[in-house]
J.: 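Can you keep this structure in mind? I'll have questions shortly.
Letters A, B, ... are given to chains in the order of the sequence lines, protein chains preceding strands, and every chain is numbered from 1. If you're wondering where the values come from, they're calculated on a predicted model, not measured in any experiment.
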There are 2 protein chains.
Amino acid sequence: MSTAEQTPGGEDVAWGEVAPEAARRLLVAAVEAFAERGYHATTTRDIAGRAGMSPAALYIHYKTKEELLHRISRIGHDRALEILRAAELREGAASDRLADAVRSFVRWHAERHTTARVVQYELDALGPEHRAEIVELRRETEATVRRIIEEGVAAGEFDVADPSGTTVAVLSLCIDVARWFNVQGRRTPDEVGAFYADLVLRMVGYRAQK
Amino acid sequence: MSTAEQTPGGEDVAWGEVAPEAARRLLVAAVEAFAERGYHATTTRDIAGRAGMSPAALYIHYKTKEELLHRISRIGHDRALEILRAAELREGAASDRLADAVRSFVRWHAERHTTARVVQYELDALGPEHRAEIVELRRETEATVRRIIEEGVAAGEFDVADPSGTTVAVLSLCIDVARWFNVQGRRTPDEVGAFYADLVLRMVGYRAQK
DNA sequence: CCGAGATCTAAGCGCTTGCTCAGCTTCGTT
DNA sequence: AACGAAGCTGAGCAAGCGCTTAGATCTCGG
């Protein structure tokens, strides 16, 4: 039952790598604003205001509004990929590793749904070069999940006719958690993660041997 | 194998109820622009331009840009709900009706992915009253799927611990097809629909009796 | 053939946007 | 004590936004 990523506490705990402090405050403010209203509906004045600064201060730390989005997207995608790779490299059966991957991946999307919403749904707002960079990360994300599923098929654990198609469906299901998850909802991120791990094992045709 | 909604042909075939012709052209142009760039990144000049008209012409047929989005969203949600209700009211086992619902619902989201993208992902851009109206339609959508699943559980066809949670997951999976579906992709809308119907039957723990 | 209503355009209004810049303050180093 | 770099602000620019208005054109019943 050991899964990665246990981060209680404030919304900006996860952005420790962003320095200096003013730049981090601006980035956290941007995440909140982008998640609430969307990238294009967010003004630089709004971001600066949330960070308690004047509109001009933003441009000391970031060249453009798009660079802010890119930094958020990059860090988020790195983290998501890291979570999946950690699960992939663990010891054990493919079914255990797949369940682990889904559990921690979904938990991240629920716990950090504000960030995840920006990371997963504002891709089109990136400029061409930045988007290409992120798309490459997403390819690796997909490849990681596909590898686990293919290993499960090879080991006879899973019953999957189309591993690629199933991978797309599984990731789509997990990612979309960021869209509907509500903090006021019935379930905690942990519970949703466990529930989704079970759903995904069903999708790949895994039968628990009792 | 009989499922609803078979609409080949041009992108504006589905908007027959919108009259007069200029209003329909504007609406189709808006769907394309919103799907490509997102609501907030789309200008009224762009919409009018795609429809081959001057910027001012838009305001003869629609009071605001938001009203355009509302009309699109309303028609799309009506259609989606109609598809699910048709499947619910059909004769047969719950598993057949659920598979049918998913198959036609997913096919619509793949075939009309441009429209569906706007319908499903631009909800937040609606004004408060319009959003409330659409949210109500989505509640009914969810209730329809939940009813089928609950009937399957009651009939002993499905093995589902949490029908509400499963309903959310199933709809989330199906809706997200609109985001990733690509016309150039390997699979046709029909194939994706069939594939997803199978996945969903697995998710609800249905065992085919051979 | 007329005239009223519907449809459309050219021009542009008022406002907001992303972003810039001159100058003020703060602060670590000498 | 003096200084230069870095952080930040107030003011504001050029461009683009949603939307309006005055008037030209089209349509069609009488």
J.: To the nearest Å, how far apart are A:Glu21 CD and C:dC27 P?
T.: 14 Å
J.: Can you list everything that forms a side chain to side chain contact (heavy atoms under 4.5 Å, CB included) with A:Arg74? Sequence neighbours excluded, please.
T.: A:His70, A:Asp78, A:Glu133, A:Ile134, A:Leu137
J.: Strictly below 4.0 Å, heavy-atom distances to any atom of DNA chain C: list the hits from residues 126-134 of chain A, or just say none.
T.: none
J.: Just to verify, what does A:Phe181 make a ring-ring contact (aromatic ring centres under 6.0 Å, His included) with, not counting sequence neighbours?
T.: A:His113
J.: What is the minimum heavy-atom distance between B:Glu122 and B:Phe34, and which atoms define it?
T.: OE2-O, 4.0 Å
J.: According to salt bridge (charged side-chain N to carboxylate O under 4.0 Å, His left out), who are the partners of A:Glu136, at least two apart in sequence or on a separate chain?
T.: A:Arg139
J.: With sequence neighbours left out, write down each residue that passes salt bridge (charged side-chain N to carboxylate O under 4.0 Å, His left out) with A:Arg117, or none if nothing qualifies.
T.: none
J.: Which residues within residues 38-49 of chain B lie with some heavy atom under 4.0 Å of an atom in DNA chain D?
T.: B:Thr42, B:Thr43, B:Thr44, B:Arg45
J.: State the OG1-CD1 distance between A:Thr167 and A:Ile149, to the nearest 0.5 angstrom.
T.: 3.5 Å
J.: Between which nucleotides of DNA chain D, read 5' to 3', does contact with chain A run, using atoms under 4.0 Å from its heavy atoms?
T.: D:dC8 to D:dG12
J.: Would you tabulate the side-chain donor-acceptor contacts of residues 169-178 of chain B under 3.5 Å, counting partners in other chains and residues two or more places apart, or write 'none'?
T.:
| residue | atom | partner | partner atom | Å |
| --- | --- | --- | --- | --- |
| B:Ser172 | OG | A:Asp176 | OD2 | 2.7 |
| B:Asp176 | OD1 | B:Tyr121 | OH | 2.5 |
| B:Asp176 | OD2 | A:Ser172 | OG | 2.7 |
| B:Asp176 | OD2 | B:Arg179 | NH2 | 3.3 |

J.: Just jot down the salt bridge (charged side-chain N to carboxylate O under 4.0 Å, His left out) partners of A:Arg131, sequence neighbours excluded, or say none.
T.: none
J.: Tell me, do A:Arg103 and A:Tyr196 make a side-chain contact under 4.5 Å, heavy atoms counted?
T.: no
J.: Give the residues of residues 57-71 of chain B touching DNA chain D, defined as any heavy atom closer than 4.0 Å, sorted by residue number.
T.: B:Tyr59, B:Thr64, B:Lys65
J.: For B:Glu191, give me all partners under salt bridge (charged side-chain N to carboxylate O under 4.0 Å, His left out), at least two apart in sequence or on another chain.
T.: none
J.: Looking only at the side chains, is there a donor atom on one of A:Gln120 and A:His109 sitting less than 3.5 Å from an acceptor on the other?
T.: yes
J.: Restricting to side-chain hydrogen bond (donor to acceptor under 3.5 Å, both in side chains), what partner residues turn up for B:Arg85, sequence neighbours left out?
T.: B:Glu140
